[in-house]
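Taking it in order: structure first as structure tokens, then the write-up.
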Amino acid sequence: MTAAEFQVDLVIPTQTKYLSLIGSIGEHIAKGLENYSGDKNALAYQLNLVLTEATTNAIKHSNSDNPKDTVRITIHIYDDELVIKVYDHGQGFDLDSVPLPDDLQESGRGLFFIRELMDSVEYRQEQDWNVLEIRKSLK
Amino acid sequence: MTAAEFQVDLVIPTQTKYLSLIGSIGEHIAKGLENYSGDKNALAYQLNLVLTEATTNAIKHSNSDNPKDTVRITIHIYDDELVIKVYDHGQGFDLDSVPLPDDLQESGRGLFFIRELMDSVEYRQEQDWNVLEIRKSLK
Amino acid sequence: MKIKKEKIKDFILLTPEEERIDAHNSTEFKEYILDLIKKSEINLIIQLDQVRFIDSSGLGALLAGFKNAQRKAGKLLLVNIQPQVLSMFELTRLNRVFEIYADLDEIFESEP
Amino acid sequence: MKIKKEKIKDFILLTPEEERIDAHNSTEFKEYILDLIKKSEINLIIQLDQVRFIDSSGLGALLAGFKNAQRKAGKLLLVNIQPQVLSMFELTRLNRVFEIYADLDEIFESEP
Ligand SMILES: Nc1ncnc2c1ncn2[C@@H]1O[C@H](COP(=O)(O)OP(=O)(O)O)[C@@H](O)[C@H]1O
Ligand SMILES: Nc1ncnc2c1ncn2[C@@H]1O[C@H](COP(=O)(O)OP(=O)(O)O)[C@@H](O)[C@H]1O
């Protein structure tokens, strides 16, 4: 993996009004991928969705004691892979123990979408942030 | 000036296909400004334009010897001000000696727009980058 | 959130006039629907032709409406879903939960 | 770049089917126009109703067409410009250079 061809690093207040901006960045990026052999419009929707879901979670579970808390989102596009990282200052959680949603359950489909549409998902600590790291191959 | 409320830092290849992404980020940001008392739709167009013009110049005047050259764009939104920085690796130029365009001249209106629509513009060197720094008050 | 509300035969037709339904507006959307059902408007058609994007919270809002309507022996039908939005229903298998129609004609053609 | 080309009375009507004209597509746009003029299609109407955004290179492309048409004693008229795009013509005073019409009717009503 060489240097990223495209990278974006965003820091936003913990407000849902920024979701459409984050999502549309994902859409634009997908539509601009020249070497992607798959369906770019489908990927555009998927990135929009995955970024929206991950950012929503980071906003929802941010540090509620700090009204100035922020969420950070980075997207790196390499030749053959894209890497999204979403950082929060919340209490953290155990990704592996999140169950699959039932058919009639009203919530709990965010991580399901992320897992279903991307290739790998991890959640870990890095300095004072929690990081959800999402990868997808672009081959 | 306290910490930025919103910040984005982008690194792109020197390709014009990224202009619409950069411009649309500017539009989204303007439309999300809650405390701006002016016309948000006008500001949205203006940020779209200013980012497009500044990024176009940085792409056009990038280091042509390096096919992997990049352009960096940062946008910081503070309470009362926005700051755009566009970084290039080109030969640089003297901002103050750029003349106003004639009525029938086909080019040369990029910096005119930036100066006309924003409050201040500077061009200087920072480490190995040239930086165009654009400021606009949000009061 | 902008929602157009019309009466059409025995149904209330709701058309969200938004490109996106996400966590920013889905709570309002859900409350709007639940409020109607509470007021005994239990037969709803939700027309999604303007919605280009829906996230899990948007699906959740629709599901809340669906379950509440059913509990009162009402109906919540979906109509005019854009293809990419429809794939989200398919991925979550919610296309098997909801009654989904291509257009309004399809809903009413079988009725007398 | 997608451009619709129609014949309307003595004019060629060009409608760029793009939301943006910027440095990514303006060279193609300019060459398209200059190419027509070279082929003696010197009376052009450019309809900008679909263009939500234009940058300085887009204005430059139109200006190149305008000057080339004039040089051959032709005309390049602009029509149906969206308000925000129009303000860019005003800011650069190019609204005093181009002949700008509200709609096609306005162009032809004065003609016999
Ligand atoms: N960034 C996060 N910080 C803390 N908990 C999280 C985070 N992201 C997800 N979770 C946990 O995982 C669960 C499932 O998340 P998700 O699938 O997105 O559905 P939902 O948010 O609708 O419950 C959440 O209910 C929450 O408990
Ligand atoms: N980033 C840059 N690096 C080097 N020269 C630049 C840069 N930006 C602008 N210039 C110079 O300033 C001139 C005016 O720029 P501008 O007003 O954007 O119009 P145009 O690019 O259409 O000529 C350019 O022709 C170029 O010589």
Side-chain angles (χ1 to χ4, degrees), chain B residues 12-28 30-31 38-62 71 73 86 88 98-118 121, chain D residues 1-2 16-34 37 46 48 50-72 75-76 78 81-100:
Chain B
I12 59 165
T14 53
Q15 293 169 19
T16 52
K17 71 173 180 189
Y18 291 104
L19 292 172
S20 62
L21 168 60
I22 310 290
S24 85
I25 292 177
E27 282 208 339
H28 262 96
K31 289 184 180 159
D39 178 342
K40 274 185 220 174
N41 286 327
L43 183 68
Y45 193 104
Q46 291 163 7
L47 287 190
N48 188 342
L49 184 62
V50 162
L51 284 161
T52 299
E53 299 289 352
T55 307
T56 299
N57 282 344
I59 290 173
K60 219 175 348 180
H61 303 284
S62 62
V71 162
I73 302 113
V86 179
D88 72 70
V98 172
L100 277 178
D102 289 338
D103 273 8
L104 286 173
Q105 204 175 303
E106 284 164 36
S107 65
R109 288 186 185 79
L111 287 168
F112 168 78
F113 277 137
I114 297 174
R115 285 187 164 124
E116 201 69 14
L117 300 172
M118 302 285 117
V121 194
Chain D
M1 189 183 195
K2 276 182 75 176
E17 297 183 316
E18 299 282 342
E19 285 205 352
R20 272 178 79 90
I21 303 183
D22 65 16
H24 190 53
N25 55 12
S26 58
T27 308
E28 193 186 335
F29 184 42
K30 176 166 122 181
E31 279 164 9
Y32 187 97
I33 298 173
L34 296 190
I37 297 172
I46 312 221
L48 294 172
Q50 293 181 46
V51 177
R52 245 181 21 85
F53 176 86
I54 195 163
D55 78 349
S56 65
S57 73
L59 296 174
L62 293 171
L63 206 44
F66 175 79
K67 292 196 289 182
N68 273 268
Q70 234 179 18
R71 214 170 286 147
K72 289 204 172 186
K75 278 184 178 181
L76 183 148
L78 301 179
I81 306 183
Q82 294 196 22
Q84 290 198 308
V85 171
L86 189 60
S87 1
M88 297 304 116
F89 283 86
E90 287 160 0
L91 197 60
T92 52
R93 301 187 306 176
L94 287 172
N95 58 327
R96 299 200 252 163
V97 172
F98 288 103
E99 276 185 59
I100 297 177

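The sequence lines fix the lettering, A, B, ..., with proteins before strands; numbering per chain opens at 1. For clarity, every value in this text was computed on a predicted model and none was experimentally measured.
Heavy atoms closer than 4.5 Å to chain B are found in both the backbone and the side chain of D/I54. Residue contact with chain B, scored on non-hydrogen atoms closer than 4.5 Å, involves the backbone and the side chain of D/L91 alike. Heavy-atom distances place both the backbone and the side chain of B/L104 under 4.5 Å from chain D.
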Note each donor-acceptor pair with a separation under 3.5 Å, taking one atom from chain D and one from chain B.
{"residue": "D/R20", "atom": "NH1", "partner": "B/N48", "partner atom": "OD1", "Å": "2.8"}
{"residue": "D/R20", "atom": "NH2", "partner": "B/T52", "partner atom": "OG1", "Å": "3.0"}
{"residue": "D/H24", "atom": "ND1", "partner": "B/T16", "partner atom": "OG1", "Å": "2.6"}
{"residue": "D/H24", "atom": "ND1", "partner": "B/K17", "partner atom": "N", "Å": "3.3"}
{"residue": "D/R52", "atom": "NH2", "partner": "B/E27", "partner atom": "OE1", "Å": "3.4"}
{"residue": "D/I54", "atom": "N", "partner": "B/Y45", "partner atom": "OH", "Å": "2.9"}
{"residue": "D/I54", "atom": "O", "partner": "B/Y45", "partner atom": "OH", "Å": "3.1"}
{"residue": "D/S56", "atom": "N", "partner": "B/E53", "partner atom": "OE2", "Å": "2.6"}
{"residue": "D/S56", "atom": "OG", "partner": "B/E53", "partner atom": "OE1", "Å": "2.7"}
{"residue": "D/S56", "atom": "OG", "partner": "B/E53", "partner atom": "OE2", "Å": "3.0"}
{"residue": "D/K67", "atom": "NZ", "partner": "B/L104", "partner atom": "O", "Å": "2.7"}
{"residue": "D/K67", "atom": "NZ", "partner": "B/E106", "partner atom": "OE2", "Å": "3.3"}
{"residue": "D/Q84", "atom": "NE2", "partner": "B/N41", "partner atom": "O", "Å": "2.8"}
{"residue": "D/R93", "atom": "NH2", "partner": "B/D103", "partner atom": "OD1", "Å": "3.1"}

